[in-house]
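Order of the sequence lines fixes the chain letters, A, B, ..., with proteins taken first and strands second; residue numbering starts at 1 for each chain. As a basis for the values below, the full set of heavy atoms in this structure was taken, side chains included, without hydrogen atoms, waters or symmetry mates.
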Amino acid sequence: MNTEQFISQKVAECAKALYNTEGAPLQFQKTRKEFEGDITLVAFPLTKLSRKSPEQTGTEVGEWLKANVPQVEAFNVVKGFLNIKLTKDFWLQQLSEIVSDKSFGVQQKGTSGKTVMVEYSSPNTNKPLHLGHIRNNLLGYSVAQILEANGHNVIKVNLVNDRGIHICKSMLAWKKFGNGETPQLAGKKGDHLVGDYYVKFDKLYKQQISELMATGVSEDDAKKQAPAIIEAQDMLLKWEQGDKEVVDLWKTMNGWVYEGFDVTYKQLGVSFDKIYYESNTYLLGKEIVNDGLKKGVFFKKEDGSVWIDLTADGLDQKLLLRSDGTSVYMTQDLGTAHQRFEEYKFGELIYVVGNEQNYHFQVLKLVLKKLGYDWSDYIYHLSYGMVELPEGKMKSREGTVVDADDLMEGMITTARETSQELGKLAGIPQDEQQQLFRMIGLGALKYFILKVDPKKTMLFDPKESIDFNGNTGPFLQYTHARIRSVLRKAQEQNLQPTTGTAVPGEREVELVKNLADFPQVVAQAGAEHSPALIANYVYELTKEFNTYYHDVSILKEENTEIKLQRLELLQQIGNVIKTATGLLGIEVPERM
RNA sequence: GGUCCGGUAGCUCAGUUGGAUAGAGCAACAGAUUUCUAAUCUGUCGGCCAUAGGUUCGAAUCCUAUCCGGAUCACCA
């Protein structure tokens, strides 16, 4: 039981005794540092029951608690805030509960009985992953970890957009200029190679457009008439007809891309339980549309296209099926959602997709609801904002994309350079050093991105992101390494951490308080799909610990009982840092 | 133009269901070291919480309007 639950129960008893009411409005908050106490009751809401001033009410409740609850050591009332101080024994008890819980703060996967599907990443196969995908992948993976820690049965899925005109563009350029080039021959990752041909297509296409415009053709017409685009469209048609040559090339080039993606995903540390390919799902959903037509939820225009009118809901009319009977994006998403629900009966379906698709998901949910699918309420669009760079906005159209592989490599390099400048890690073997540089570089990147509220547009500065001071991933990693180092030394001296019965000091109580919050933070982060909550929590804990560590000795402490108790506390803090950063997908080293 | 999201220190960001004097980090400045790992810690400086009204014991937080920035409103995905 956490502190708030405990004290809340006691105050409820108090309210019953004093005011003879059940379900009194109780509002708690952490006691601010400038006041004495551990937890604070806001007295204002209770004044309606007590019919007294906030100060009098607070005092009244405080006196009752002090008289009736042995764990309450003292209280004070400041301007209608009742600050309650709990006994050291209470905190000692909390610590021993934390210690006895082997997987403190984390539920075992599947114990909640709820199935949650998280779709994230969802790349196109015509170019490598970029900075925007990094935010997507980190968010998706972390949210999945957090939900799993809440005991849900989490299924991570990736929906790969492997078909369409964009792939045909790469394929066409490869046919024109490739001369049989392969990733092996070029010595290049497959996704990068295919991306290069996409760029080549774009160059050719633009050149043809300007040539046409020079002969007096309008820009719009030129875009439609350029031979390159006509060829690409022709290729798409052939693909849909199952033309063997086109399909074979498509398979080959997509294969290259997947090999490349696998490397990137592995480096990022993300994974999937199931991968869906759009080439298999793009025809889904037509039955649902027909069903909607029968029910009269949708309507057909003269040209045969199918629409839904959402103007009554403040939205527009939305196309669901083209006049030629083919699917659009929405049709497909209706189909996959339906298929997934039939298959898994999920209690929640989370789409990690950029905020440029907010409207799409609003419509998706609404359409499903109008069709009578109750589970449309289980859909949650985890929307995130763009990642900007100091030099300007990161948009693929503007050609300033930061490639995901390059970025990660750059982070690792910076970690290496900084370590060497500071003369760290000298006594550590080469291969372990390599591992550490990777851990630090990626930890910096992940923490920097995940600590920001997803829906906000954020600024990522590669130069400043590896700052080993302050609110950063490396700071957490370093703190963990120090804790482990002290514990190793203790082990050498045959010291076994234990909670014991020594009365903890104020500093220790402060840390136990922080630790005891962890399960609640995990629960809240799960409910709000928010890795940022975890990040903020673990940073606060780490900071608190660092000040403590700086001026309290542990191994030099002469009282053995206190020493062992501090070691125990140390161990638990290390464990929580490791667990919490794990929820963010950040690895934490034993030494660095 | 309609809809959605954002605007908090010079910079990057926190700020719980409305709660006490709005917080961190970076940067700047001033300190602390024979370390249990100083990649650390302490202190100072820094604010019309975009603006104006409203709701109430109490507003960065809720409501209304306005300003600024972004996204979106395709027979693209």
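Atom CH2 in A/Trp307 sits roughly 13 Å away from atom P in B/C73 (whole-Å rounding). Here B/A27 presents its P atom at 13 Å from CG of A/Asn471, a figure rounded to the nearest Å. Put simply, NZ on A/Lys455 is 13 Å from C1' on B/A14, counting in whole angstrom units. Atom CZ in A/Arg135 sits about 14 Å away from atom C1' in B/A71, given to the nearest Å. The CZ-P distance, from A/Arg32 to B/A14, rounds to 19 Å in whole Å. Rounded to whole angstrom, the span from the CG atom of A/Leu319 across to the C1' atom of B/C76 amounts to 11 Å. Atoms CE (A/Met386) and P (B/G69) sit 15 Å apart, rounded to a whole Å. For the pair A/Tyr384 OH and B/C5 P, the computed distance is 19 Å after rounding to whole Å.
A/Phe475 comes within 4.0 angstrom of the backbone, heavy atoms only, and of no base. Residue-level contact check: A/Met592 touches the bases, meaning some heavy atom is under 4.0 Å from a base atom. Among the protein residues, A/Gln29 comes within range of the nucleic acid bases, having at least one heavy atom under 4.0 Å from a base atom. Among the atoms of the strands shown, only primed sugar atoms or phosphate atoms (P, OP1, OP2) are found under 4.0 Å from some heavy atom of A/Glu278. Counting non-hydrogen atoms under 4.0 angstrom, A/Asn83 reaches a base of the nucleic acid. Contact annotation for A/Ser383: no contact, since no heavy-atom pair falls under 4.0 Å across all strands. Looking at heavy-atom distances under 4.0 Å, A/Gln477 makes no contact with the nucleic acid at all. Across all strands, A/Tyr329 comes closer than 4.0 Å to base atoms (heavy-atom distances). If you check every strand for non-hydrogen atoms under 4.0 Å, A/Thr547 touches sugar and phosphate atoms only. At a threshold of 4.0 angstrom between heavy atoms, the contacts of A/Tyr539 are confined to the sugar-phosphate backbone, with no base atom among them. Across all strands shown, A/Asp461 has no heavy atoms under 4.0 Å from either base or sugar-phosphate atoms. Within the 4.0 angstrom heavy-atom criterion, base atoms lie near A/Ile554. Contact annotation for A/Ala532: no contact, since no heavy-atom pair falls under 4.0 Å across all strands.
For the pair A/Thr418 and A/Arg322, both in contact range of RNA chain B, the more 5′-proximal nearest nucleotide belongs to A/Thr418. Heavy-atom distances to RNA chain B give each of A/Asp324 and A/Ser419 a nearest nucleotide, and the one nearer the 5′ end belongs to A/Ser419.
Between the P atoms of B/A14 and B/U8, the separation comes to 11 Å (whole Å). Separation of the C1' atoms belonging to B/G25 and B/C41 is 15 Å when rounded to the nearest angstrom. B/G54 and B/A59: their P atoms are spaced 12 Å apart (whole Å). A gap of 15 Å separates the P atoms of B/U16 and B/A22, to the nearest Å. Between B/C4 and B/A20, the distance separating the two P atoms is 30 Å to the nearest Å. When the P atom is compared between B/G19 and B/A60, the two are found 9 Å apart, to the nearest whole Å. Taking atom P in both B/A24 and B/C62, the straight-line distance is 23 Å, to the nearest Å. A gap of 11 Å separates the C1' atoms of B/C49 and B/A9, to the nearest Å.
Side-chain proximity of A/Asn358 to B/A20, B/C4, B/C73: nearest is B/C4. In the set B/U72, B/U17, B/U37, the nucleotide with an atom closest to the side chain of A/Glu356 is B/U72. Comparing B/G19, B/U37, B/C26 against the side chain of A/Val42 picks out B/G19 as the nearest. Closest to the side chain of A/Asn536, from the set B/A14, B/A77, B/C13, is B/A14. Considering only the side chain of A/Leu459, B/C13 comes nearest among B/A32, B/C57, B/C13. Closest to the side chain of A/Gln524, out of B/U12, B/U16, B/U37, is B/U16.
A salt bridge does not link A/Lys127 to A/Asp202: none of the charged nitrogens lies less than 4.0 Å from a carboxylate oxygen.
At the phosphate of B/U21, OP1 or OP2 sits under 4.0 Å from a side-chain N or O atom of A/Lys79. Look at A/Lys489 and you'll find a side-chain N or O under 4.0 angstrom from OP1 or OP2 of B/U37. For A/Lys456, a side-chain nitrogen or oxygen approaches OP1 or OP2 of B/A14 to under 4.0 Å.
You'll find a donor-acceptor pair under 3.5 Å spanning the side chain of A/Thr40 and the base of B/A20, going by distance alone.
Ring stacking is absent between A/Phe81 and B/G19, as the pair misses the limits of under 5.5 Å between centres and under 30 degrees between planes.
The pairing partner recorded for B/C13 is B/G23, the criterion being a Watson-Crick or G-U wobble arrangement whose two distances lie under 3.5 angstrom. Nucleotide B/G47 is matched to nothing when pairs are restricted to Watson-Crick or G-U wobble geometry with both distances under 3.5 angstrom. Nucleotide B/A71 forms a Watson-Crick or G-U wobble pair with B/U3, both donor-acceptor distances falling under 3.5 Å. Across the strands present, B/A60 finds no partner; the criterion is a Watson-Crick or G-U wobble pair with both atom distances under 3.5 angstrom. Here B/G31 sits opposite B/C41 as a Watson-Crick or G-U wobble pair (both hydrogen-bonding atom distances under 3.5 Å).
A donor-acceptor pair shorter than 3.5 Å can be found between the side chains of A/Asn83 and A/Thr40. Between A/Ser122 and A/Glu119, the side chains place a donor N or O and an acceptor N or O closer than 3.5 Å (distance only, hydrogens not considered). Checking A/Ser170 against A/Asn126 by side-chain atom types alone, no donor-acceptor pair falls below 3.5 Å.
In this pair, A/Phe448 and A/Phe460 present their aromatic rings perpendicular. The plane angle is above 60°, beyond the 30 to 60° band. The aromatic rings of A/Phe518 and A/Tyr537 sit parallel to each other, their planes meeting at less than 30°, with 60° as the upper class boundary. Ring geometry for A/Phe361 against A/Tyr351 counts as tilted: the plane angle lies between 30° and 60°, on a 0 to 90° scale.
For A/Gln434, the CD atom is densely surrounded, since the number of other residues' heavy atoms within 6.0 Å is greater than 12.
In this structure, CG in A/Leu320 is found 11.5 Å from CG in A/Asp333, a value given to the nearest 0.5 Å.
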